[in-house]
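In what follows, a structure is listed as structure tokens, so that the remarks can point back to it.
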There are 2 protein chains.
Amino acid sequence: MFSKSCEYGLRAVIFIAQQTTKNNMVSLSTISEEINSPQAFTAKVLQQLTRSNIVKSVKGPYGGFTIEDNKMNTKLSEVVSVLDGDAIYTGCGLGLKQCDANSPCPLHFKFVEIRDGLRNMLENTSLLSIAEDMNTDFTILKR
Amino acid sequence: MFSKSCEYGLRAVIFIAQQTTKNNMVSLSTISEEINSPQAFTAKVLQQLTRSNIVKSVKGPYGGFTIEDNKMNTKLSEVVSVLDGDAIYTGCGLGLKQCDANSPCPLHFKFVEIRDGLRNMLENTSLLSIAEDMNTDFTILKR
DNA sequence: AGATTAAAAGACCTTTTTATCCTTTTTATA
DNA sequence: TATAAAAAGGATAAAAAGGTCTTTTAATCT
């Protein structure tokens with residue numbers, strides 16, 4: 001479904017969001033341990049998310065990553081767009097460049113439903129809501 | 001969503017299915033022209049589908065690819081399984097190895113809905129039904 | 001100021017996916 | 001039976017994805 005970059009990125013940003021609700025700044029090494037991801041590779045992914053202003057990074061002692069208050073309502077769809085682009089929402093399931101309602105592939109209308117379901121889910125799920133859920137329900141981010 | 005192999009494979013098998021309803025055997029070169037895919041690469045994909053007994057290949061003059069009657073009810077899910085495996089149905093959206101209802105990632109229950117929608121769609125769509133639709137509605141398989 | 005901590009940036013390596021080319025095998029038919 | 005058509009198979013190449021390592025930059029704390 002998603003690339004490895006995107007999987008690590010989502011897990012990382014979710015972990016950071018959850019820690020942010022507890023006012024914890026988290027370092028790269030903590031993140032990669034807690035989400036069980038390759039550290040150097042995760043660093044690259046976090047750089048992208050920092051440049052996109054989804055997470056905030058702080059260098060130096062006691063530094064790390066956090067999410068600013070007004071960014072806690074970032075939607076998962078934004079994270080996915082930054083890391084994987086939006087082909088998963090807009091692209092044809094059969095890989096055709098020009099496939100739309102006017103000139104559809106044989107599966108177009110069936111795929112549109114699936115894609116819309118995914119898009120709606122991601123567009124309606126904010127980092128804050130996931131973090132809040134995690135403080136209620138038991139969930140995992142590694143293994 | 002799917003790999004290139006799977007995209008080409010689905011387009012190829014759909015084209016063959018449609019031609020099969022018209023009793024046309026189709027050659028690799030015709031297929032790759034009609035679905036706009038790289039010929040040699042498509043050959044490899046078709047070999048996999050032949051070995052999996054989804055399509056039938058006939059060598060020699062007037063040979064090519066066709067689908068036997070009883071295979072026209074093959075579901076898209078079978079084609080996808082052969083070419084991409086079933087991670088898209090069973091895998092965790094965040095890439096976790098062990099993620100299920102008992103030990104879910106924070107998005108597990110949201111993802112399950114999407115995945116089930118996709119799986120149901122693919123499991124309920126046969127090659128024959130697509131071919132019949134194509135003989136009614138105008139659809140495209142290239143560009 | 002110097003030492004230390006931590007992210008940023010860039011160069012590099014490995015594996016997988018995508019793609020091509022060439023030879024071999026099979027088979028219909030003239 | 002020779003020829004031509006067409007798929008099968010193997011070797012290789014190119015591109016993309018996944019991943020590592022080293023140096024640089026910035027912040028903090030003696």
Side-chain angles (χ1 to χ4, degrees), chain A residues 1-13 15-16 19 24-68 80 82-85 87-88 94-95, chain B residues 1-13 15-16 19 24-68 80 82-85 87-88 94-95:
Chain A
M1 178 98 82
F2 301 125
S3 67
K4 285 287 171 195
S5 292
C6 194
E7 288 176 357
Y8 298 148
L10 286 168
R11 271 149 61 193
V13 86
F15 176 70
I16 299 168
Q19 293 299 308
N24 292 337
M25 175 93 91
V26 282
S27 70
L28 170 64
S29 63
T30 301
I31 295 168
S32 66
E33 274 167 32
E34 292 300 321
I35 71 172
N36 196 36
S37 66
Q39 181 167 327
F41 192 63
T42 306
K44 295 297 180 191
V45 177
L46 285 171
Q47 276 177 43
Q48 289 186 73
L49 296 176
T50 303
R51 284 191 221 108
S52 311
N53 288 309
I54 291 172
V55 305
K56 191 190 160 200
S57 72
V58 177
K59 290 183 180 179
Y62 302 96
F65 296 87
T66 188
I67 298 176
E68 297 190 315
V80 172
V82 166
L83 298 174
D84 273 3
I88 199 152
L94 299 183
Chain B
M1 179 100 82
F2 301 126
S3 69
K4 286 286 170 195
S5 293
C6 194
E7 288 176 358
Y8 299 149
L10 285 167
R11 271 149 61 192
V13 84
F15 177 70
I16 299 167
Q19 293 299 308
N24 292 147
M25 174 95 90
V26 283
S27 69
L28 170 63
S29 62
T30 302
I31 295 168
S32 66
E33 276 167 30
E34 293 299 320
I35 70 173
N36 195 38
S37 68
Q39 181 167 328
F41 190 66
T42 306
K44 298 296 181 195
V45 177
L46 284 170
Q47 277 177 42
Q48 289 186 74
L49 296 175
T50 302
R51 284 196 284 265
S52 311
N53 289 309
I54 291 172
V55 306
K56 190 190 160 201
S57 72
V58 178
K59 289 184 180 180
Y62 301 94
F65 296 88
T66 188
I67 297 176
E68 296 190 313
V80 172
V82 166
L83 299 174
D84 273 3
I88 198 151
L94 299 183

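Excluded from the calculations below are hydrogen atoms, water molecules and symmetry mates; all remaining heavy atoms, backbone and side chain alike, are included. A note on names: the letters A, B, ... follow the listed sequences, proteins ahead of strands, and every chain is numbered from 1.
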Does a nitrogen or oxygen in the side chain of [X] sit under 4.0 Å from OP1 or OP2 of [N]?
X     : N     : result
B:S57 : D:dA8 : yes
B:S27 : D:dA5 : no
B:Q47 : D:dA7 : no

Rounded to whole angstrom units, what separation is found between the [atom1] atom of [X] and the [atom2] atom of [N]?
X     : N      : atom1 : atom2 : answer
B:D84 : C:dT16 : CG    : P     : 16 Å
B:Q39 : C:dA19 : CD    : P     : 14 Å
B:R51 : D:dA8  : CZ    : C1'   : 9 Å
B:Q48 : C:dA19 : CD    : P     : 14 Å
A:N36 : D:dG19 : CG    : P     : 12 Å
A:Y62 : C:dT4  : OH    : P     : 15 Å
A:F41 : C:dA9  : CZ    : P     : 17 Å
B:L46 : D:dG9  : CG    : P     : 13 Å

NA contact type, A:S3, heavy-atom cut-off 4.0 Å: base, sugar-phosphate, or nothing?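 The answer is sugar-phosphate, as A:S3 gets under 4.0 Å only of primed atoms, P, OP1 or OP2.
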
Q: Counting heavy atoms from C-beta on, name the nucleotide in C:dA19, D:dA27, C:dT26 closest to the side chain of B:K59.
A: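 Nucleotide nearest to B:K59's side chain: C:dT26.
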
**Report entry** Candidates D:dA5, D:dA8, C:dA8 - which lies nearest the side chain of B:F65
**Finding:**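 That would be D:dA8.
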
Open item on the list: Could you check whether A:S32 and A:T42, counting side-chain N and O atoms only, form a donor-acceptor pair closer than 3.5 Å?
Closed with: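 No - no donor-acceptor pair under 3.5 Å links their side chains.
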
Review point. If you find the nucleotide of DNA chain D closest to A:Y8 and the one closest to A:G60, which residue's nucleotide is nearer the 5' end?
Key: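 Looking at the nearest nucleotide for each, A:Y8 comes out on the 5' side.
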
- Query: Should B:N53 and B:E68 be marked as a side chain to side chain contact (heavy atoms under 4.5 Å, CB included) after you check the CA-CA gap, both sets of side-chain angles, and the distance that decides it?
  - Reply: CA-CA 9 Å; B:N53 289 309; B:E68 296 190 313; over 6 Å; no

field: Interatomic distance, A:Q48 atom CD to A:C6 atom SG [nearest 0.5 angstrom]
entry: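 The distance works out to 10.0 Å.
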
Inset, instruction - Nearest 0.5 Å please: distance from the CD1 atom of A:I54 over to the CG atom of A:L83. - result: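 Answer rounded to 0.5 Å: 7.0 Å.
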
_Please evaluate residues B:I35 and A:L94 with respect to the criterion side chain to side chain contact (heavy atoms under 4.5 Å, CB included), reporting the C-alpha separation (whole Å), side-chain torsions for both, the decisive distance (0.1 Å), and the verdict._
CA-CA 10 Å; B:I35 70 173; A:L94 299 183; over 6 Å; no

Got a donor-acceptor pair under 3.5 Å from the side chain of A:K44 to the base of C:dG10?
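A donor-acceptor contact between them is present.
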
